[in-house]
Structures are given as structure tokens and as C-alpha cells.
Protein chains: 2
Amino acid sequence: MDQVEVFKALSNKTRLQILSWLKDPEVHFPAQAQNGYANGVCVGQIHAKSSLTQSTVSEYLSSLQRAGLISSTRVGQWTYYKRNEEAFKALSKLIEADI
Amino acid sequence: MDQVEVFKALSNKTRLQILSWLKDPEVHFPAQAQNGYANGVCVGQIHAKSSLTQSTVSEYLSSLQRAGLISSTRVGQWTYYKRNEEAFKALSKLIEADI
DNA sequence: AATATATATCGGTTATTCCCGATATGCCAA
DNA sequence: TTGGCATATCGGGAATAACCGATATATATT
């Protein structure tokens, strides 16, 4: 876990917002219900809720993934992203004990 | 607690290093022993251990303070900085529960 | 094969961060 | 009050981040 990379990924309002949306996908992405939430939520749904362009949202998701905070699954033409809860637990402990 | 500001403050190798030094001032700033560590460590000591200029270190300390992660006490011509441990606890809990 | 849809990537503009050297400010001592 | 030391602030150059529009890539449909 590259600490600086993680904190940089968290240093942006929109990226924090995305993480918060992904915490309750049923609430924030009801349109996804038909496909289930096991793999997470696809980029288009996240983009639809954001006020940024598709390319920016895609970049932001990549950066969150590089930081290890979310993971992705490709299914057909869709890429689903979901939170990596272990990473958040680890980060919480890191801050509590090491930083 | 402005989350983005806090994460930005933590998004830098040197600033993380300073926080880590301040965690064990007795170990990392033995020269400060004569004055005690109650108020923390003065800027000059921190600067001496860093490989950056005095002005940069001073800016970094200000940004950590604006984020609420450290606090300062002025004594004579010296400014002492120390960690604000409550802020780290709060951040740890925030990440565990809210982010 | 042609077309449509979802996502990723590329090139660019503007804003922000990273650092520096120079200088200002504040405090103390002679 | 002059000078010296500790720290803060200011102005700036270079690197990185924040976005965007356009385009490329991958998959699916007809």
C-alpha cells in the first residue's frame, strides 16, 4: 500500500463522493438492481450521477483502483467497480497505529 | 475537519516523515531533551533532519496545522509543533465508518 | 461486415502543488 | 538601538493534477 498514492486518491471531493456512493449502491444506483450489485456498479451509472465528463470519471476510477481502494470486473462491455473494504480497514488501522 | 484538506496534507512523503518523527520526539530529536518535549519540537530541529529548505519545512508545518494534524506553541523566538493525536484517532474512525 | 454502446486513452488548457531563494517579521541580547 | 537568530511569508519556476473534447478500443447486435 503506497500511502502517498492512497492519500492522493482521497484528496478530491468527487472521488470521495464516488466512494460514498459505492458504499450504498442499492440506494444510489437503483437502476443497477436488475443486474445485481455483486460486481459493483458500472462506469456509466457513476458517470450519470457525477457532474463531470465520462473521461474524467473513468480516470478517477482508475486512480482509485491504482490506490487499491476499489476493484473492477469486466462483464461484456461493462466495467463494474466496487469498494475494497479490506483496504479501508487497513488504512484505518494504519492511521491509528503507524502514521 | 475538512477531509480533502486532511488527505492533501497527508499526500506528501516529507510531511508523512515529519509526522512520523513527531511520533517519537525523544528518539528523533534528542537535542530537544534539555527543553523537554511538552510543547513538541521546534522548526529548526525538524528542518535539520529534513533535506528541504527552511521555508519549505515551515510551509509544510503550516499545512499540517491547517489540516488540524499538529498544533503549535510559540515560546520566545521558537515555534514548537506537536501532533494532535485526537485528530488521528478521529481520522481513523472516519475512514473506518464513513468513507 | 456494419453499426451501436460502454469504457479507456490521448492531447491539451488551466489550476494547484512542490519546492526554492530572498526577504520580512518577531524576539532577544549586547 | 543595533545586530543576531528563529520563523514566516513572498515571488517564482517546474512538475503534477484537474478537468475537458476527441478518439480509440472492446464488446455486442443486426
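Computed from a predicted model, the values in this text were never measured in an experiment. By convention in this document, chain letters (A, B, ...) are assigned in the order of the sequence lines, proteins followed by strands, and residues within each chain are numbered from 1.
- Using cut-offs of 30° and 60° for the angle between ring planes, the B:Trp21 and B:His28 rings count as tilted.
- For B:Gln77 and C:dA24, the CD to C1' distance is 16 Å, given to the nearest whole Å.
- We find that CG of B:Leu61 is positioned 14 Å from C1' of D:dT9, with the value rounded to whole Å.
- The phosphate of C:dC19 has OP1 or OP2 within less than 4.0 Å of a side-chain N or O from B:Tyr60.
- The CZ atom of B:Phe7 sits 19 Å away from the C1' atom of C:dT16 (whole-angstrom rounding).
- At least one side-chain nitrogen or oxygen of A:Asn12 sits closer than 4.0 Å to the OP1 or OP2 atom of D:dA18.
- Figure legend: A:Arg74 and A:Tyr80 shown without cation-pi pairing, the cationic atom not lying both under 6.0 angstrom from the six-membered ring centre and within 45 degrees of its axis.
- With rounding to whole Å, B:His47 atom NE2 is found 8 Å from C:dC20 atom P.
- Here the side chain of B:Leu52 is nearest to one of D:dC19, C:dA6, C:dC19, namely C:dC19.
- Taking both residues in full, the closest heavy atoms of A:Gln32 and A:Cys42 are given as OE1-N, 3.4 Å, listed atom of the first, atom of the second, then distance.
- Residues A:Ser92 and B:Ser92 bring a donor and an acceptor atom of their side chains to less than 3.5 Å of each other.
- Side-chain atoms of B:Thr79 lie closest to D:dT7 of the nucleotides C:dT5, C:dT7, D:dT7.
- A:Ser72 and A:Thr79 form no side-chain donor-acceptor contact under 3.5 Å, judged by distance and modelled atom types alone.
- For B:Thr56 and C:dC18, the shortest distance from a side-chain N or O to OP1 or OP2 is not below 4.0 Å.
- Side chain of B:His47 to backbone of B:Val57: no donor-acceptor contact under 3.5 angstrom is found.
- Evaluation of atom-type donor-acceptor distances gives no pair under 3.5 Å for the side chain of A:Gln54 against the base of C:dA6.
- B:Lys13 has its NZ atom 20 Å from the P atom of C:dT17, to the nearest Å.
- Computed from coordinates, the B:Trp78 CH2 to C:dT25 P distance equals 21 Å when rounded to whole Å.
- Distances were taken from every side-chain heavy atom of B:Tyr81 (C-beta onward) to each of C:dC20, D:dT7, D:dA8; the shortest belongs to D:dA8.
- Of all nucleotides listed (D:dT9, D:dC20, C:dC18), D:dT9 comes nearest to the side chain of B:Ser62.
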**OP:** Return one dot-bracket line describing DNA chain D 5' to 3' (Watson-Crick or G-U wobble pairs, both distances under 3.5 Å; ( ) same strand, [ ] crossing, | another strand, . none).
**Re:** ||||||||||||||||||||||||||||||
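- Toward the 5′ end of DNA chain D lies the nearest nucleotide of B:Ser58, the other residue of the pair A:Arg15 and B:Ser58 mapping further downstream.
- Here the P atom of nucleotide C:dC27 and the OH atom of B:Tyr80 are 14 Å apart, to the nearest Å.
- Of the candidates C:dC20, D:dA17, C:dT7, C:dC20 carries the atom nearest the B:Thr53 side chain, counting heavy atoms from C-beta on.
- A:Glu59 places its CD atom 9 Å from the P atom of C:dC10, with the value rounded to the nearest Å.
- The local environment of NZ in B:Lys93 is sparse, with at most 12 non-hydrogen atoms from other residues, nucleotides or ligands closer than 6.0 Å.
- Side-chain proximity of A:Val43 to D:dA18, D:dA8, C:dA8: nearest is C:dA8.
- In this structure, B:Ser55 and A:Ser72 both approach DNA chain C, and ranking their closest nucleotides by distance from the 5' end singles out A:Ser72.
- A donor atom on one side chain and an acceptor atom on the other are found under 3.5 Å apart for A:Thr53 and A:Thr56.
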